[in-house]
*Asks:* 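Structure provided below as structure tokens; questions to follow.
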Amino acid sequence: MLRRTIRLTLSIVMLMMATLGGMLSTAGSAQADECYTWGRTLSEGMSGSDVTQLQIRVAGHAAYGEVIAIDGAFGPATKAAVTRFQQAYGLPADGVAGSQTFSKIYALQDPDCTPIHFTYAELNKCNSDWSGGAVSTLTAKANGLRTMWKLEAMRHALGDVPLTVTSGFRSYACNSAVGGASNSRHLYGDAADLTGSPSLCTLAQRARYHGFGGIFGPGYPDHGDHTHVDGRTSRSWSAPNCGI
């Protein structure tokens with residue numbers, strides 16, 4: 001009788017442990033993120049707002065001279081960018097965005113959706129609300145976010161060295177005050193001027209692989225002390241002293 005009681009008690013304990021283990025396992029796999037949480041695996045041929053959110057975060061992993069379209073359509077270019085993102089962070093590289101890919105993105109972003117090494121304040125030293133430029137405040141801020149994710153990819157490719165942004169978004173007033181071009185991309189919020197280490201030429205050369213349509217650096221007029229990158233869709237590069 002005692003043996004049966006002991007076996008029954010052990011069986012109940014084991015059942016309770018198994019149930020608790022299953023609950024913990026389920027809780028661990030149900031990952032959520034303060035900024036944005038993907039609810040499905042994404043692959044080529046799919047579309048939707050979740051694809052757009054993915055594209056924003058992998059657009060900096062473009063091919064040489066390529067600008068990834070942020071259009072919500074998971075095409076070959078997006079697949080290739082996802083693959084390069086996976087390779088960059090040591091993940092299985094199949095071009096399919098699943099739990100491992102999303103978990104890495106969650107680890108790379110802050111609650112406000114900015115990548116962990118950049119901030120909205122860093123990309124906008126002009127004002128606090130992204131107003132007064134060539135586009136709406138919402139568009140300017142969204143462009144700033146896209147620029148930051150490209151810079152995050154570039155930073156990682158350079159060995160996780162800090163990148164110094166001296167100028168990002170500018171209102172017309174701020175742009176005029178610094179003598180910026182009347183059609184400057186800074187007015188759109190998708191530009192950044194970089195200084196410091198690594199060298200300006202290294203920055204200009206590396207930017208060619210991270211989705212920047214505009215790159216201007218040493219040898220281009222008035223760019224001897226910084227490298228400019230921006231998100232225009234057509235290629236316009238000039239840094240003659242750097243072989244660009």
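Fair warning: this is a prediction, and the values are worked out from it, not measured in the lab.
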*Asks:* Report yes or no: does Thr83 contribute a side-chain atom to a donor-acceptor pair with the main-chain N or O of Gly95 at less than 3.5 Å?
*Replies:*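 Yes; judged by distance alone, with no hydrogens or angles, the pair exists.
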
*Asks:* Does some side-chain heavy atom of Phe212 sit less than 4.5 Å from a side-chain heavy atom of Leu151?
*Replies:*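 The answer is yes; the side chains approach within 4.5 Å.
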
*Asks:* Might you point out which heavy atoms bring Leu123 and Ala191 nearest each other, and give the distance in Å?
*Replies:*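 Minimum heavy-atom separation between Leu123 and Ala191: CD1-O, 4.2 Å.
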
*Asks:* Looking at Ala63, is its backbone amide N or carbonyl O close enough to the side chain of Glu66 to form a donor-acceptor pair, meaning the two atoms are under 3.5 Å apart?
*Replies:*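 It does hold such a pair.
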
*Asks:* Would you kindly confirm whether Tyr209 and Val161 end up in one hydrophobic cluster when ILVMFWY residues are joined by side chain heavy atoms under 4.5 Å apart?
*Replies:*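 Hydrophobic grouping puts Tyr209 with Val161.
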
*Asks:* Any idea which heavy atoms bring Thr41 and Val96 closest together, and the distance?
*Replies:*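 Where Thr41 meets Val96 most closely, the heavy atoms are CG2-CG1, 3.4 Å.
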
*Asks:* Mind checking who shares a hydrophobic cluster with Tyr172, ILVMFWY linked at side-chain heavy-atom distances under 4.5 Å?
*Replies:*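 Reading the cluster by chain and number, Tyr172 sits alongside Val135, Leu187, Tyr188.
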
*Asks:* Could you tell me which non-hydrogen atom of Gly211 sits nearest to which non-hydrogen atom of Val67, and how far apart they are?
*Replies:*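 Where Gly211 meets Val67 most closely, the heavy atoms are O-CG2, 3.8 Å.
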
*Asks:* Do Ser167 and Lys125 make a side-chain contact, defined as non-hydrogen atoms from C-beta onward lying under 4.5 Å apart?
*Replies:*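 In short, these two side chains do not touch, never coming nearer than 4.5 Å.
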
*Asks:* Are Phe85 and Ile116 connected into the same hydrophobic cluster when the rule is that any two of I, L, V, M, F, W, Y join if their side-chain heavy atoms are below 4.5 Å apart?
*Replies:*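 Result: yes, single cluster for both.
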
*Asks:* Ile215, Leu194: one ILVMFWY side-chain cluster at the under-4.5 Å cut-off?
*Replies:*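 Cluster IDs for Ile215 and Leu194 match.
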
*Asks:* State whether a side-chain donor-acceptor pair under 3.5 Å links Ser49 with Thr52.
*Replies:*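 Distance-only check fails for Ser49 and Thr52.
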
*Asks:* Cation-pi check for Phe169 against Lys141: NZ or CZ below 6.0 Å from the six-membered ring centre and within 45 degrees of the axis, yes or no?
*Replies:*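 Because its charged atom misses either the 6.0 Å distance or the 45° angle limit, Lys141 does not stack over Phe169.
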
*Asks:* Would you say that Pro111 contacts Cys35 through its side chain, given a criterion of any heavy-atom pair below 4.5 Å between the two side chains?
*Replies:*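 The answer is no, as the side chains (C-beta and beyond) never meet within the 4.5 Å cut-off.
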
*Asks:* Rounded to the nearest 0.5 Å, how far apart are CG of Leu54 and CD1 of Ile105?
*Replies:*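 Going from the CG atom of Leu54 to the CD1 atom of Ile105 covers 5.5 Å.
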
*Asks:* The test is side chain to side chain contact (heavy atoms under 4.5 Å, CB included); show your working for Asn124 and Tyr120 and say whether it passes.
*Replies:* CA-CA 6 Å; Asn124 181 3; Tyr120 281 118; over 6 Å; no

*Asks:* What's the separation between atom CG in Leu163 and atom CG in Leu158, rounded to the nearest 0.5 Å?
*Replies:*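 With rounding to 0.5 Å, CG (Leu163) is 6.5 Å from CG (Leu158).
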
*Asks:* Counting only N and O atoms by type, is there a donor-acceptor contact under 3.5 Å from the side chain of Asn127 to the main-chain atoms of Ser131?
*Replies:*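 Checking the backbone N and O of Ser131 against the side chain of Asn127, a donor-acceptor pair under 3.5 Å is found.
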
*Asks:* Do you see a donor-acceptor pair shorter than 3.5 Å between the side chains of Gln86 and Thr101?
*Replies:*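 Judged by distance alone, the side chains do pair up.
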
*Asks:* Just by modelled atom types, is the Gly48 backbone N or O under 3.5 Å from a matching donor or acceptor in the Gln53 side chain?
*Replies:*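 Answer holds: no.
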
*Asks:* Which atom names give the shortest non-hydrogen contact between Ala239 and Ala204, and what distance separates them?
*Replies:*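 Distance-wise, the nearest heavy atoms are CB-CB, 4.2 Å.
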
*Asks:* May I have all residue pairs that pass salt bridge (charged side-chain N to carboxylate O under 4.0 Å, His left out) and include part of residues 232-241, sequence neighbours excluded?
*Replies:*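 For residues 232-241, and leaving out neighbouring residues, the salt bridge (charged side-chain N to carboxylate O under 4.0 Å, His left out) pairs sorted by first residue read Asp230-Arg232.
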
*Asks:* Indicate the atoms forming the closest heavy-atom contact of Tyr106 with Tyr36, along with that distance.
*Replies:*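 Closest pair (atom of Tyr106, atom of Tyr36, distance): CE2-O, 3.1 Å.
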
*Asks:* Would a distance-only check, ignoring hydrogens and angles, find a side-chain to backbone donor-acceptor pair under 3.5 Å from Glu152 to Phe118?
*Replies:*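 No: the side chain of Glu152 does not pair with the backbone of Phe118.
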
*Asks:* Quick one: CZ on Phe74 to OG on Ser47, what's the gap to the nearest 0.5 Å?
*Replies:*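 Between Phe74 CZ and Ser47 OG, I get 11.5 Å after rounding to 0.5 Å.
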
*Asks:* If I take atom CD1 from residue Ile244 and atom OG from residue Ser238, how far apart are they, to the nearest 0.5 angstrom?
*Replies:*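 Ile244 CD1 to Ser238 OG: 9.0 Å, rounded to 0.5 Å.
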
*Asks:* Taking the inter-plane angle between the rings of His226 and His223 on a 0 to 90° scale, is it parallel (under 30°), tilted (30 to 60°) or perpendicular (over 60°)?
*Replies:*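 Ring orientation of His226 relative to His223: tilted.
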
*Asks:* At their closest point, which heavy atom of Glu44 faces which heavy atom of Lys79, and how far apart are they?
*Replies:*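 Looks like OE1-CD, 3.3 Å.
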
*Asks:* Roughly how far apart are Gln55 CD and Thr78 OG1, rounded to 0.5 Å?
*Replies:*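 Rounded to the nearest 0.5 Å, the CD-OG1 separation comes to 4.0 Å.
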
*Asks:* If you count the non-hydrogen atoms of other residues, nucleotides and ligands that lie under 6.0 Å from CG in Asp94, is the total more than 12?
*Replies:*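 Result for CG/Asp94: enclosed.
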
*Asks:* Can you tell whether the side chains of Arg40 and Asp50 come within less than 4.0 Å, N to carboxylate O?
*Replies:*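 A salt bridge is present here (some side-chain N lies under 4.0 Å from a carboxylate O).
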
*Asks:* Side chains of His186 and Asp193: do they bring a donor and an acceptor to under 3.5 Å?
*Replies:*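 Indeed, the side chains of His186 and Asp193 share at least one donor-acceptor pair under 3.5 Å.
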
*Asks:* Quick one: does Thr147's side chain have a donor or acceptor within less than 3.5 Å of a partner on Asn143's backbone?
*Replies:*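 Yes; at least one donor-acceptor contact below 3.5 Å.
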
*Asks:* Measure the acute angle between the ring planes of His156 and Tyr89, then classify it against the limits of 30° and 60° as parallel, tilted or perpendicular.
*Replies:*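 The arrangement is parallel - the two ring planes meet at less than 30°.
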
*Asks:* Does Pro198 offer a backbone N or O that forms a donor-acceptor pair with the side chain of Thr202 under 3.5 Å?
*Replies:*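 A pair under 3.5 Å: no.
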
*Asks:* If hydrophobic clusters are built by linking Ile, Leu, Val, Met, Phe, Trp and Tyr wherever their side-chain heavy atoms come under 4.5 Å apart, do Leu145 and Met154 end up in the same one?
*Replies:*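 Same cluster: Leu145 reaches Met154 through Ile, Leu, Val, Met, Phe, Trp or Tyr contacts under 4.5 Å.
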
*Asks:* Side chain of Arg208, backbone of Gln205: donor and acceptor closer than 3.5 Å?
*Replies:*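 Side chain of Arg208 to backbone of Gln205: a pair is present.
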
*Asks:* Find out if a path of hydrophobic residues (ILVMFWY) with successive side-chain heavy-atom gaps under 4.5 Å connects Met148 to Ile68.
*Replies:*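 No; Ile68 is not reachable from Met148 via cluster members.
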
*Asks:* Can a donor-acceptor pair be found, under 3.5 Å and without considering hydrogens, that links the side chain of Asp110 to the backbone of Cys113?
*Replies:*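 The answer is no, because no donor-acceptor pair under 3.5 Å joins these two groups.
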
*Asks:* Hey, what do you get for CH2 (Trp149) to CD1 (Ile56), rounding to the nearest 0.5 Å?
*Replies:*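 Reported to 0.5 Å precision, the distance equals 10.0 Å.
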
